[in-house]
Amino acid sequence: MCYAMCMKENLIHSRTCVYNINYHVVWSVKYRRKILNTEVESFLKELVQEIAQDKGFIVHLFEIGEGDHVHCVVSAPPKLSVTDIVKYLKGITGRKLFEHFPQICQNFWKGQLWNHSYYVETIGSVSEENIRRYIEHQSKSY
């Protein structure tokens, strides 16, 4: 999969489409346990970039908040749903963190590191009002 990014307009060109799809995703550690220290964060940042490259999306920003939750800014092609992206990130990182830091397992039952829910919002470069105005002022000649 090759994507060329046009920096001027933040557009990503693929074989069949041009897109600018960005998400802010947040998820937390189960029971809000504060286990995400600097060593874990360093491991996670590298792992998240590997997952993104393997699955075909881009992680622009990855930060740990208060040791118990994660913030991620992701760009993805339209063929990848945000649900799949979160599933990849939470599933793979949870498993790999338990393998790499076995002491973390002591704090969790049933081998689940992450809370089952997450927060997501879209990030756009154009406001909803600008899009509405653009659509409303299109030529009606058809």
Side-chain angles (χ1 to χ4, degrees), residues 1-140:
M1 259 184 256
C2 245
Y3 302 107
M5 186 151 194
C6 174
M7 296 308 285
K8 183 178 179 188
E9 299 177 27
N10 295 329
L11 300 178
I12 300 174
H13 297 261
S14 72
R15 193 172 62 79
T16 58
C17 67
V18 178
Y19 62 92
N20 180 17
I21 302 173
N22 303 292
Y23 303 105
H24 172 211
V25 184
V26 182
W27 68 91
S28 64
V29 173
K30 201 160 186 91
Y31 317 117
R32 295 300 288 234
R33 299 258 163 78
K34 298 190 180 298
I35 57 141
L36 304 176
N37 57 35
T38 54
E39 185 182 7
V40 172
E41 180 176 15
S42 176
F43 178 79
L44 268 177
K45 281 186 176 187
E46 193 173 306
L47 180 58
V48 161
Q49 292 300 334
E50 290 172 14
I51 294 166
Q53 186 173 12
D54 184 51
K55 301 298 183 183
F57 59 93
I58 300 166
V59 176
H60 295 287
L61 183 64
F62 181 88
E63 295 294 331
I64 301 296
E66 300 174 13
D68 66 359
H69 66 279
V70 170
H71 289 267
C72 221
V73 174
V74 176
S75 292
K79 70 179 182 176
L80 266 180
S81 72
V82 69
T83 305
D84 286 340
I85 292 167
V86 173
K87 181 175 66 174
Y88 296 143
L89 291 173
K90 288 172 65 178
I92 296 169
T93 58
R95 185 171 38 81
K96 297 277 189 182
L97 278 174
F98 279 161
E99 289 172 6
H100 199 266
F101 300 96
Q103 70 275 16
I104 290 177
C105 293
Q106 300 166 6
N107 296 313
F108 302 95
W109 295 289
K110 300 181 185 176
Q112 294 178 335
L113 173 65
W114 304 116
N115 188 320
H116 69 276
S117 61
Y118 62 92
Y119 168 80
V120 64
E121 69 180 327
T122 57
I123 303 169
S125 58
V126 181
S127 72
E128 180 182 349
E129 180 58 35
N130 286 342
I131 292 171
R132 186 181 316 277
R133 199 174 313 119
Y134 174 79
I135 293 170
E136 288 172 351
H137 292 94
Q138 289 298 297
S139 172
K140 303 257 192 231

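A distance of 12.0 Å separates CZ of Arg33 from CD1 of Ile104, quoted to the nearest 0.5 Å. Taking CG from Asp84 and NZ from Lys55, the interatomic distance works out to 9.5 Å, rounded to the nearest 0.5 Å. Rounded to the nearest 0.5 Å, atoms OG1 (Thr16) and NZ (Lys79) are 8.5 Å apart. Here Leu97 contributes atom CG and Leu44 contributes atom CG; the two are 4.5 Å apart, rounded to the nearest 0.5 Å. Here the NZ-CG distance, from Lys45 to Leu61, works out to 7.5 Å after rounding to the nearest 0.5 Å. Expressed to the nearest 0.5 Å, how far NE2 of His100 lies from CG of Leu47 amounts to 10.0 Å.
Heavy-atom minimum distance, His13 versus Val18: ND1-CG2, 3.3 Å. Of all the heavy atoms in Ile85 and Ala76, the pair that sits closest is CD1-CB, 3.4 Å. For the residue pair Cys72 and Trp27, the shortest heavy atom distance occurs at CB-CZ3, 4.2 Å.
In Glu121, the CD atom is crowded: over 12 heavy atoms of neighbouring residues, nucleotides or ligands sit closer than 6.0 Å. Atom CD of Glu46 has 12 or fewer neighbouring heavy atoms from other residues, nucleotides or ligands inside a 6.0 Å radius.
Under the side chain to side chain contact (heavy atoms under 4.5 Å, CB included) criterion, Pro78 pairs with Cys17, Tyr19, Ile21, sequence neighbours left out. Applying the side chain to side chain contact (heavy atoms under 4.5 Å, CB included) rule to Val120 yields the partners Tyr23, Val25, Val82, Tyr118; only residues at least two apart in sequence or on another chain are considered.
Counting only residues at least two apart or in different chains, side-chain hydrogen bond (donor to acceptor under 3.5 Å, both in side chains) contacts with residues 86-98 comprise Thr93-Trp114.
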Q.
Test side chain to side chain contact (heavy atoms under 4.5 Å, CB included) on Ile64 and Val40; report intermediate values, then the result.
A. CA-CA 9 Å; Ile64 301 296; Val40 172; over 6 Å; no
Exercise. Test side chain to side chain contact (heavy atoms under 4.5 Å, CB included) on Val70 and Phe62 and set out the steps.
Key: CA-CA 7 Å; Val70 170; Phe62 181 88; 3.2 Å; yes
_Audit row: Ile35, Leu113, side chain to side chain contact (heavy atoms under 4.5 Å, CB included) steps and yes/no_ = CA-CA 10 Å; Ile35 57 141; Leu113 173 65; 3.4 Å; yes
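Side-chain contact annotation: His71 with Glu63, donor-acceptor N/O pair under 3.5 Å absent.
Considering only heavy atoms from C-beta on, Ile92 stays 4.5 Å or farther from Glu50 through its side chain.
Of the possible donor and acceptor atoms, none in the side chain of Glu66 sits under 3.5 Å from a partner among the backbone N and O of Lys34.
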